[in-house]
There are 2 protein chains.
Amino acid sequence: MATNKTQRVTMSDVARHAGVSRTTVSFVLNDKPGAAIPDETRRRILGAIDELGYRPNAGARALAAKRSGWFGLITEIVTGPFAAEVITGAQSRAWGDRRFLLIAASEGDPAQEAAALDQMLEHRVEGLLYATTWHRAVTLPKAVREVPTVLVNCYDSEGELPCILPDEESGGYRATRRLLDAGHTGIGFINLDPAIPAAIGRRAGYERALREAGITPDPSLVIPGWATADGAYTAACELLDRPAADRPTALFCGNDRMAMGAYDAIKERGLRIPHDVAVVGFDNQELIAAYLRPKLTTLALPFEAMGTKGVDMLAALAAGQPLDTHRVTIDCPLLERSSV
Amino acid sequence: MATNKTQRVTMSDVARHAGVSRTTVSFVLNDKPGAAIPDETRRRILGAIDELGYRPNAGARALAAKRSGWFGLITEIVTGPFAAEVITGAQSRAWGDRRFLLIAASEGDPAQEAAALDQMLEHRVEGLLYATTWHRAVTLPKAVREVPTVLVNCYDSEGELPCILPDEESGGYRATRRLLDAGHTGIGFINLDPAIPAAIGRRAGYERALREAGITPDPSLVIPGWATADGAYTAACELLDRPAADRPTALFCGNDRMAMGAYDAIKERGLRIPHDVAVVGFDNQELIAAYLRPKLTTLALPFEAMGTKGVDMLAALAAGQPLDTHRVTIDCPLLERSSV
DNA sequence: ACAAGGAAGTAACGCGCGTTATTAAAGCGC
DNA sequence: GCGCTTTAATAACGCGCGTTACTTCCTTGT
């Protein structure tokens with residue numbers, strides 16, 4: 001209770017107050033195995049801690065123990081729902097190990113990224129998480145080699161660093177499969193930029209699902225679009241304006257914003273969702289998916305799970321254990337709402 | 001370059017390599033005023049630092065200097081756009097002072113909040129930012145008194161702690177004024193729960209703007225709603241179904257989700273936005289406001305600015321300077337889009 | 001009775017660094 | 001040559017703590 005603002009309570013104060021040596025206090029605080037401390041002494045010490053309002057100094061402890069207890073997390077943008085989810089996942093997992101997360105944003109600027117990395121290394125992080133907002137290849141400053149590093153939602157071109165990625169292929173498969181199960185056979189796919197991993201993986205899953213259902217994928221049903229509502233609107237128009245026999249009864253969109261555009265195209269034509277045309281999105285942007293009418297069935301990128309898994313792997317690496325898998329993929333769960 | 005993974009380079013290594021004492025190295029690193037270091041010596045030391053790849057140990061430095069360099073930021077939810085903006089603002093401002101931000105989420109759970117606070121105090125944060133997602137009164141654990149604390153987007157009932165708040169009144173005024181300027185005289189106000197500060201302040205601003213324009217506020221035009229799209233939909237219906245002479249030509253909504261509901265009500269009646277009915281939202285939830293059709297004119301809560309200002313005030317407090325203002329309010333800027 | 005072993009506790013070192021006091025050499029006026 | 005200041009650099013202490021090695025006292029078995 002009686003904390004002095006100008007002079008923090010130290011372990012020596014506690015020791016003096018309890019009538020023991022500082023070493024003994026340290027032993028009960030870390031309940032050191034092998035140290036025999038009678039209950040009575042322990043109680044006296046804990047009592048003193050309580051009375052004085054003692055708080056261990058994490059920095060000093062780290063210095064003495066040569067363990068900082070820090071993990072670093074570098075991300076492009078702290079704003080934006082994706083990074084926030086990664087942080088949440090990593091944060092909660094780290095907490096369990098009594099570790100703290102050092103968070104920095106690069107804002108896409110290599111200089112800021114380097115500065116952030118420097119700061120982290122000066123704080124002696126024991127591991128580093130490097131997360132991107134969209135699935136792609138990255139090249140990192142060499143300095144990351146000074147510390148165990150795990151990539152989240154990205155991978156390095158050299159393939160040297162362990163990484164955690166969303167399973168785009170199974171995501172594409174699952175979306176398509178859901179539409180097939182609902183009885184659709186003509187399924188249009190408004191894809192992202194076909195050069196990026198997400199587009200490639202999802203298309204592979206899309207085609208695998210079709211083949212499994214005995215349907216030969218029709219390339220003309222796959223339209224690579226700009227990843228915007230307007231781009232998807234145009235793409236959807238193209239698909240919906242095909243001759244009736246050829247017109248898809250379902251649309252699988254590269255992300256939720258694109259699904260918004262598709263919604264507009266569908267509604268404009270007096271068609272109804274999901275009765276006439278079913279729609280599946282991707283990304284699960286709550287603010288869009290949950291407020292569209294009808295609510296959008298979509299796949300979620302497992303950002304939170306990736307953050308958690310990232311800390312998992314870091315903890316293993318920091319403990320010197322070898323990784324079982326160098327490249328981990330995590331499923332994208334399907335969120336059923338009302339558009340299928 | 002030649003960093004040894006198993007044994008970090010210390011200042012003593014640098015000193016030995018440069019043929020000087022550790023003290024001298026410390027002096028050039030902090031370029032201590034009063035210490036006369038010839039250029040030649042300085043160069044030798046900097047050279048050694050570079051060659052060995054030395055990085056100061058932030059923890060050890062903090063311990064010796066008795067300055068942790070940390071500020072803490074406790075927020076309810078890391079996810080969600082609001083917290084992210086506060087973090088961005090605080091982060092970037094803190095960076096300039098070579099300070100790092102310790103971020104933790106309470107998830108609305110007092111136990112987690114206390115745990116987070118404990119951790120922060122153990123890390124010897126020199127100041128604490130406590131941010132909420134919506135403007136309201138809070139009561140904090142007593143432990144916050146151990147360190148300078150600034151409240152962001154909230155205030156304590158006892159009024160003891162400095163706080164930074166959005167200027168709800170001027171926000172309400174600005175929104176209403178914008179509609180008046182567009183020629184509207186019957187302005188409906190679908191408010192939030194009338195008991196919360198945001199609702200009270202905005203209504204005051206709304207009425208002030210009306211009076212300034214020579215219009216006596218009509219209480220029946222103000223409908224307190226549930227802060228949801230559905231609630232606002234119902235409220236909008238009520239306003240729009242009034243007899244033609246009495247029907248408002250503009251709606252001011254408590255938040256953007258509510259504006260979505262209002263949009264639906266307006267469109268259902270074959271009315272057009274902004275031609276027949278203008279709409280102003282609040283909160284500037286990008287994903288909603290920017291994608292609604294037409295795009296929504298709305299007011300932004302100044303989260304990022306509040307985060308920045310928060311660190312500003314903390315820096316002053318931590319430096320022992322008195323605060324000029326105990327209670328700071330920050331304007332809510334109007335973002336013009338296409339719904340007015 | 002005595003050695004052996006455990007129980008309870010402590011002195012002392014070091015973690016990597018900031019800082020103060022002090023020393024050693026060099027410049028300056030006379 | 002002598003004092004005196006300035007310049008250049010260092011020894012030594014302490015920050016708060018973890019940890020090792022060591023001491024002292026009490027049991028226990030034979």
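Numbered from 1 within each chain, the chains take letters A, B, ... in sequence-line order. Since the model is a prediction, treat every value here as computed from it, not as a measurement.
For D:dA9, its base never sits under 3.5 Å from the side chain of B:Thr41 at any donor and acceptor pair.
Residue B:Lys66 places its side chain closer to D:dC15 than to any other of C:dG18, C:dT10, D:dC15. Of the candidate nucleotides C:dG18, D:dG18, D:dG16, D:dG16 has the atom lying nearest to any side-chain atom of A:Asn57. Listed nucleotides: C:dA8, C:dC15, D:dT19. Nearest to the side chain of A:Ser26: D:dT19. Of the candidate nucleotides C:dA8, C:dG16, D:dG18, C:dG16 has the atom lying nearest to any side-chain atom of B:Ala60. Closest contact between the side chain of B:Ser21 and the listed nucleotides C:dA7, C:dT10, D:dT10 involves D:dT10.
Among the protein residues, A:Thr23 comes within range of the nucleic acid bases, having at least one heavy atom under 4.0 Å from a base atom. Backbone-only contact: A:Thr10 has heavy atoms under 4.0 Å from sugar-phosphate atoms and none from a base.
Side chains of A:Tyr155 and A:Glu160: a donor-acceptor N/O pair is absent below 3.5 angstrom, by distance only. Side chain to side chain, A:Thr23 and A:Ser26 fail the donor-acceptor criterion of an N or O pair below 3.5 Å.
Rounding to whole angstrom units, CZ of residue B:Arg22 and P of C:dG16 are separated by 11 Å. Protein atom CZ of A:Phe27 is 10 Å distant from nucleotide atom P of C:dT10, rounded to whole Å. Between the C1' atom of C:dC17 and the CD1 atom of B:Ile49 lies a distance of 13 Å, rounded to the nearest Å. Counting to the nearest Å, the C1' atom of C:dA8 and the CG atom of A:Asp31 are 17 Å from each other. When rounded to the nearest whole Å, the span between CG of B:Asp13 and P of C:dG16 equals 9 Å. Following rounding to the nearest Å, B:Arg55 (CZ) and C:dC17 (C1') show an atom-to-atom distance of 17 Å. The separation between A:Arg42 atom CZ and C:dG9 atom P is 11 Å, rounded to whole Å. For the pair B:Glu122 CD and D:dG18 C1', the interatomic distance rounds to 15 Å; values are reported in whole Å.
Nearest-nucleotide positions on DNA chain C for B:Lys32 and B:Leu63 put B:Leu63 closer to the 5' end.
Between A:Val150 and the options A:Leu128, A:Leu314, A:Val311, a side chain to side chain contact (heavy atoms under 4.5 Å, CB included) holds for only A:Leu314.
Shown here for B:Arg8 and B:Asp13, the closest heavy-atom pair between the two residues is O-OD2, 4.0 Å.
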Salt bridge (charged side-chain N to carboxylate O under 4.0 Å, His left out) between B:Arg61 and A:Glu122, intermediate numbers included:
CA-CA 10 Å; B:Arg61 167 181 295 207; A:Glu122 292 192 6; 5.9 Å; no
